[in-house]
Every structure is written in C-alpha cells, then in structure tokens.
Chemist: 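Take a look at this one; I'll ask things after.
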Amino acid sequence: MTDLGFLHQFVPAPSGASADTLLLLHGTGGDENDLLPLGKLLAPNANLLSPRGKISENGMPRFFRRLAEGVFDIPDLIARTHELAGFIAVASNAYGFDPKRVVAAGFSNGANIAASLLLLRPGVLRATVLLHAMVPLVPETVPDLTGTRVFLGAGRQDPVATPDETEKLAALLRGAGADVTTQWQPGGHGLTREEALAAAEWLAGSPGS
Ligand code: MLT
C-alpha cells in the first residue's frame with residue numbers, strides 16, 4: 001500500500017470494517033503514532049486512521065502553516081483542509097471503511113484542522129472530538145452542521161486555546177446547527193486523562209456535561 005498522500009497508520013477495528021473510523025489528528029510536533037493509544041481509549045471498536053501532518057515547522061509536523069502562534073495562514077489552511085478530506089475518501093476506498101461513519105479526534109493543531117473540516121466540508125465527519133481547539137477560520141458561508149455532534153475539551157487556564165476561543169468556537173458551531181458539548185478542565189494546554197475519559201463516554205453515547 002502506498003502512503004495514499006499522507007504518511008499514516010491504519011489500525012483495523014477488532015470487529016471488522018463495518019465499524020466507525022476514528023480519524024486521529026495530532027498536535028504540533030506529533031506524528032501518526034502519537035494518538036493511537038488515545039484512539040483505542042476513545043473508540044475501542046473503531047478503525048483508527050492516523051495521518052501525519054505534511055507541514056514541517058522547524059522539523060515539527062503540523063497540518064497547516066501558521067504565520068505566528070495563533071495566527072494561521074488561511075489559504076494554506078483551506079487547501080490543507082480539502083486535501084485532508086480527499087485523503088479520507090481515498091483511505092476509505094483503500095481500506096474499505098464506510099466514509100459516512102468517520103469521527104475525528106484532534107488535539108491542538110489537529111483539533112484546529114478538524115474544526116476547519118467541520119466548517120468547510122460539512123458531512124465528512126459524523127462527530128468530532130476537539131481537544132484544545134481554536135477558531136481556525138470563519139467560513140464565508142455558514143455550513144449546515146445539523147445532526148453533527150461535537151465535543152470540545154478545554155482548559156480554564158489554557159493560554160493557547162483560551163477559554164474565550166473555546167466559547168467563540170462553540171458559538172460558531174452551534175450557530176451552524178451542531179450539537180456541542182463543552183467539557184472544562186481546570187488546567188492548561190495539555191491533554192488530560194479526565195478529558196479523554198469524558199470524551200470516550202460522550203462518544204459512547206452519554207453526552208455528559
Ligand atoms: C499549536 O501549537 O499547535 C497551536 O497552538 C495550534 C495551532 O497552531 O494550530
């Protein structure tokens with residue numbers, strides 16, 4: 001199998017290809033292996049599809065370029081978002097998973113491109129776990145996200161994905177019709193076990209707080 005356009009890992013679901021597929025999107029400096037343990041915790045019965053971001057920022061993989069911390073290169077973000085949507089379609093063909101049953105889970109930079117996928121390519125993701133996400137961009141037209149479930153994991157002391165950003169992202173997604181659940185942790189920009197467990201519970205169907 002070629003890399004299908006992205007270096008990636010694919011871990012088939014224990015129950016076979018009829019399962020959901022969890023698209024795992026790492027943070028800056030991560031790679032395709034980083035979030036596999038999180039994926040198994042979040043969705044033990046799903047296929048796991050984990051690409052490596054194609055941008056290198058001083059050797060650190062990312063999913064799109066930024067001009068400075070928190071200042072995104074919007075044309076690049078838009079192009080990379082569509083490229084990632086294309087990868088999901090190609091991987092679905094190659095591995096035989098159902099493209100209508102793709103759920104994304106992203107952390108930081110990965111959560112930002114997952115949010116961009118929601119906003120620019122509604123219908124690609126059935127549900128999304130965004131951990132420490134920001135507003136990646138404001139789309140020209142409001143997408144219809146009716147029926148799309150979104151979990152926002154956020155830190156009250158997060159200096160990067162600030163509480164204000166979290167509230168703005170929640171409002172943007174709700175304005176598009178998404179069903180948004182926000183889960184607050186007291187801490188900063190790191191991933192916590194508590195939020196991973198809360199996201200797993202939410203994904204299993206119990207929305208939580
Ligand atoms: C990061 O470090 O990944 C940023 O805080 C988020 C981003 O640049 O997308």
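Along the sequence shown, residues carry numbers from 1. Note that ligands are numbered from 1 as they come in the structure, with each ligand's atoms numbered from 1 the same way.
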Chemist: Report the relative orientation of the aromatic rings in His189 and Phe107; use parallel for angles under 30°, tilted for 30 to 60°, perpendicular for over 60°.
Modeler: tilted
Chemist: Collect the protein residues that have a non-hydrogen atom under 4.0 Å from ligand 1 and hand them over in chain and number order.
Modeler: Thr28, Arg62, Phe64, Arg66, Glu69, Phe72, Ser108, Asn109, Asn112, Val160
Chemist: Over 60° means perpendicular and under 30° means parallel, so classify the ring planes of His8 and Tyr95, tilted if in between.
Modeler: perpendicular
Chemist: With sequence neighbours left out, write down each residue that passes salt bridge (charged side-chain N to carboxylate O under 4.0 Å, His left out) with Lys40, or none if nothing qualifies.
Modeler: none
Chemist: Sequence neighbours excluded, which residues qualify as salt bridge (charged side-chain N to carboxylate O under 4.0 Å, His left out) partners of Glu69?
Modeler: Arg66
Chemist: Name the atoms and distances for all side-chain donor-acceptor pairs under 3.5 Å in residues 111-123, with sequence neighbours left out.
Modeler:
unit_1	atom_1	unit_2	atom_2	d
Asn112	OD1	Met134	N	2.7
Ser116	OG	Thr81	OG1	2.8
Arg121	NH1	His82	ND1	2.9

Chemist: Among Thr128, Leu130, Val180, Leu131, find the residue that satisfies the side-chain contact (heavy atoms from CB on, under 4.5 Å) test when tested with Phe151.
Modeler: Leu131
